[in-house]
Amino acid sequence: MKIEDFVGLLGADFYAGVPDSQLKALCAFLLDKYGLDPARHVIAANEGNAAALAAGYHLATGKTPVVYLQNSGLGNIVNPAASLLNGKVYGIPCLFLVGWRGEPGVHDEPQHIFQGEITLNLLETLDIPYFILDKTTTEEQVKAKLSEYRALFARGKQAAFVVRKGALEYTGKTAYGNSHPMSREEAIGYILAAAGDNPVVSTTGKASREVFELREARGQGHGHDFLTVGSMGHSSSIALGIAAQKPGRRVWCLDGDGAALMHLGAMAIIGANKPANLIHIVLNNQAHESVGGMPTVAGQVDLCAIARACGYPSAVSADSPGGLDDALAAARNGNQLAFIEVKCALGARADLGRPTATPQENKVAFMTNLEG
């Protein structure tokens, strides 16, 4: 179904969410139609944030908002859905558009498999009726379902469309980019060289794929790296947990801007504890690149100032190979918690592959290396 037709049927005038590859057509259309107008469309830090924004919209207007997300974000939705929106609390109507990754019987990456299996059960547990949208869904079916849903919304309930791959189409050519000259893969190459034999924890998405391929190209093996293939926003907390238990090892965390923003409170915990053996690096390309390139607010946020305010004793930004090398050397040679923001260009190699080792194999190799 064309996204223009689908959005027209919804008749909503407020959207908030976290971008998803299954919903790329929706995300691109909303950016082209509304941009990032907080009164109409917000790309939220995380899915719970989006649900709370939607609640505020309803309280101010009496209308029903739309929240979009990948099904992996349902975990962040559970709390506001159960303790804010639900009819036993405030009874705030909301329509969820959920991209269905890891659908049973459809090949997908390991981090999506279990989430895909429990997606419909989670919605049922949250008392959120759903309708599955696919390539064969007609406008008449959507109209009929929306008629049912509007009766629910009038009673302060929520409902969802679960969107299969390819269900929504958009022919618009939305361009994403920034002005930074250094690619993320180039930056990761410098970082891995500086890290040497120290353990590295890398964030979900293309950054971890690039770490894996760089190790392959250099014939270095993969025991030094924990590739956080899912659980977006939690790599820095994983790194803190390792650093606290291995004070004799220098731990390097490769974070992303969207991931860091998603659970920004992790930086407060890291800064308060000040592990002297942790180097926290945020690869900032101002985008949710792994799901299509939609923007984050990281281009408008001073991440180094946030790190310093959270208690990091050292926080610097780099946007060139020379500046990055200087920052990495200072962090490696220092004996204190360090934060480095690396401003990167948006984009990755067209032939970028995926890790050939399973997550379990990665875990065992990483733990064995840590023990050694």
Side-chain angles (χ1 to χ4, degrees), residues 3 6-7 10-20 22-99 122-123 126-128 130 149-150 152-154 156-163 232-233 256-268 286-288 291-292 294-301 306:
I3 190 61
F6 180 68
V7 169
L10 297 184
D13 62 7
F14 180 79
Y15 293 79
V18 176
D20 169 42
Q22 304 284 68
L23 302 174
K24 189 182 298 185
L26 173 72
C27 297
F29 175 78
L30 292 176
L31 279 172
D32 287 346
K33 184 175 178 64
Y34 299 126
L36 294 174
D37 175 0
R40 305 299 297 274
H41 175 223
V42 179
I43 295 179
N46 62 56
E47 296 81 2
N49 174 212
L53 284 163
Y57 165 83
H58 172 76
L59 293 173
T61 67
K63 299 178 182 179
T64 301
V66 176
V67 170
Y68 61 87
L69 64 148
Q70 185 181 114
N71 55 339
S72 63
L74 284 171
N76 289 332
I77 286 288
V78 168
N79 179 265
S83 64
L84 174 66
L85 306 181
N86 187 268
K88 293 183 179 180
V89 194
Y90 292 106
I92 295 175
C94 183
L95 176 63
F96 293 104
L97 303 181
V98 183
L122 278 174
L123 291 171
L126 291 168
D127 192 27
I128 298 176
Y130 60 84
Y149 284 176
R150 288 182 181 119
L152 296 175
F153 298 151
K157 295 180 71 66
Q158 304 80 46
F161 284 107
V162 177
V163 183
M232 181 173 170
D257 55 300
L261 292 169
M262 181 166 279
H263 294 295
L264 200 57
M267 289 179 64
Q286 305 169 24
H288 290 284
V291 292
M294 286 67 71
T296 70
V297 297
Q300 306 166 54
V301 173
I306 291 172

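For residues 66-90, the set of pairs meeting the salt bridge (charged side-chain N to carboxylate O under 4.0 Å, His left out) definition, not counting sequence neighbours, is empty. Applying the salt bridge (charged side-chain N to carboxylate O under 4.0 Å, His left out) test to every pair with at least one member in residues 59-81, sequence neighbours left out, gives these pairs: D13-K63.
Rounding to the nearest 0.5 angstrom, the gap separating the CD1 atom in I128 from the CG atom in L122 is 9.5 Å. In this structure, Y34 OH and R40 CZ are separated by 4.0 Å, a value rounded to the nearest 0.5 Å. The CG atom of L26 sits 9.5 Å away from the CE atom of M294 when rounded to the nearest 0.5 Å. To the nearest 0.5 angstrom, Y15 atom OH is 8.0 Å from L95 atom CG. One finds the CE atom of M232 at 8.5 Å from the CG atom of L261 (value rounded to the nearest 0.5 Å). Expressed to the nearest 0.5 Å, how far CD of Q70 lies from NE2 of H288 amounts to 11.5 Å.
Proximity of a side-chain donor or acceptor of Q158 to a complementary backbone N or O of A81 within less than 3.5 Å is not detected. Remark: the backbone N or O of T64 is not paired with any side-chain donor or acceptor of H58 at under 3.5 angstrom.
Nearest heavy atom pair, residue A44 against residue N49, reads CB-OD1, 3.3 Å. Between L126 and A82, the closest heavy-atom pair is CD2-CB, 4.4 Å. Among all heavy-atom pairs drawn from C94 and L85, the shortest one is CB-CD1, 4.2 Å. Closest of all the heavy-atom pairs between P65 and Y57 is CB-CD2, 3.6 Å. Contact record, A50 with V67: O-CG2, 3.8 Å, taken as the closest heavy-atom pair. In terms of heavy atoms, M267 sits closest to I306 at CE-CG2, 4.1 Å.
Looking only at side-chain heavy atoms (C-beta outward), H41 and L31 come within less than 4.5 Å of each other. Annotation: side chain of N76 is in contact with side chain of H263 (closest heavy-atom distance under 4.5 Å). Contact annotation: the side chain of Y68 approaches that of I43 to within less than 4.5 Å [non-hydrogen atoms, C-beta and beyond]. Here the side chains of L84 and V89 are not in contact, with every heavy-atom distance at 4.5 Å or above. With contacts defined as side-chain heavy-atom distances shorter than 4.5 Å, the pair L123/L74 qualifies. Side chains of F6 and V163 form no contact here, defined as non-hydrogen atoms less than 4.5 Å apart. Within the 4.5 Å cutoff, the side chain of D127 has heavy atoms near those of the K157 side chain.
Of the listed residues (V98, I77, D20), just one forms a side-chain contact (heavy atoms from CB on, under 4.5 Å) with N71, and that residue is V98.
Ring-centre distance between F161 and Y149: below the 6.0 Å cut-off.
For K24, there are no side-chain contact (heavy atoms from CB on, under 4.5 Å) partners two or more places apart in sequence or in a different chain.
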